[in-house]
Structures are given as C-alpha cells and as structure tokens.
Amino acid sequence: MTELLFNNDAYLTQSEAVVTNVDQNSIQLNRTIFYAESGGQPGDKGEIILGDQIYKVTDTQKGNSPNEIIHLVDGDIDQSIVGKECEIKIDWELRQSHMRMHTSCHILCSLIDALITGASVGAQKSRVDFDVDPSLLDKEVMNQQIEEIIKNNFPVFTKQISGDEFRDNPHLAKGAAVSPPIIDNKVQIIQIGEDKIVDIQACGGTHVKSTGEIEGLEIGKIENKGKRNRRVNIRFK
Ligand SMILES: [Zn+2]
C-alpha cells in the first residue's frame, strides 16, 4: 500500500519516502507524489534519489490494487535499498501540463451533456469521446463557453464521499466504460466552481486549482467515430 500524497496536494513536486519493495525494474514506496497512469492521464516521470544513487522513473503504473503504485525505473536496482529513506522528485513541467489538460477535459465535459466513452490526456492535446447527438456540438459556441469559464477563474477542488454515497448519486460517474477508484470506501469528487457549479464528477486524477491556470485552451477537430460517437479534440493554442 502506498500513501497517495497527490490526492491531498497535487502541487507537491518533491517529498521523502521509504522504499518498501523492489523488483528488477520497479520500486515501490510507502508514500508517493508520482501519479500512476489511470483514467486517461499518463503516469508521471521523475527521480528516486538515495544518496549518490539516482533512479530515473520512466513511467508510473498501478499495481494489483488502486493504491499500489509501481515506479518503473531505468537500469539495475540495488536490492539492498529496501527499508531505506529516499528523496522523490517528479518531472513537474510534464505533470503540470497533464493537470492543466486533465482539468480542461472536465471543462469540456461540462459543455456536453452526454456519457463519456473514452478519454486520453496528453501534455499539449487531449481527446474525449462522447455518446452524443452530433447536432448538439457547435465548436464556435463551445470555444466561447471555454473562454468564459477560464476568464471567470473558477476554483477547482476535491472532496471525498463514501462509496455508498457515490453509488446513490450515479450522475457523479460520467464515464460509460471506467469507474473511478473506490479506495478505503472513499471516492474522490472533483468540483469546478463553488457558487455556480461548472462540473462535478468522481475522478482520481490530478487537477489545477483554478480554471484561470488553463489559459489558451481551444477545441480542435471534432471527429466522427460512429453513429453517435464523437471524438472532441482539445489543445493549447
Ligand atoms: Zn479529473
């Protein structure tokens, strides 16, 4: 089990941890700031440092349970590091791009009242697939709405609800294919806007603190992926 520090503070760029397990090409820690690939958001890269030894983390993935985090590293791992303290650092530029893009996907979702059938978050562009009546998608109108949401600088914050509360509020799950992780009977809810709620949904990803941080977002191509399925691409200008 790994304590997921990014759930409380997605802006942590470095921390201390203890190595709990090593494999041929992976390290596990008692706590981490590395986000593991999930829900369309890629895993983090960075470094695990033990004195002179620096292990480059090339990707971060989930293990067998939602809070088992596997840090994939380059090169041979000294098996004797288990139990030792280390310093951990993420590639902040990359993560911040993912946070901006991930939050952008929530903004996009708030504009389209439809089930999400797929999503992929990148550093500069992302896509979200919707099961939607295509006549409801007006790129120009949506771009104006996006500009307005960014200009209003709405707060973005998380809260935890119980697994039962989540099951009683099915509107909080917007994905048709994937369910957000329920860890220790708790589900993370992401809300954009306080007095006026722009978007609210269950999500285990990392997000920026306010919509003003995603300046320059626009809708790219809208692709036809089947009778009702539309792929909406977003990017930074
Ligand atoms: Zn999210």
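Atoms within a ligand are numbered from 1 in the order they appear, just like the ligands themselves.
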* **Note: Asp74-Lys56 ion pair, threshold 4.0 Å (strictly below)** => no
* NE2 (His102) - the Zn ion (ligand 1) - NE2 (His207) angle, nearest 10° -> 110°
* Mind checking whether Val121 and Met101 have side chains closer than 4.5 Å, heavy atoms only? -> yes
* **N, O or S of Cys105 under 2.8 Å from the Zn ion (ligand 1)** => no
* To do: Measure across Glu68 and Thr2 and return the closest heavy-atom pair with its distance rounded to 0.1 Å.
  => CA-OG1, 4.1 Å
* Spacing of Thr32 atom OG1 and Asp44 atom CG [to the nearest 0.5 Å] -> 8.0 Å
* Just give me the atom name: the N, O or S atom of His106 closest to the Zn ion (ligand 1). => NE2
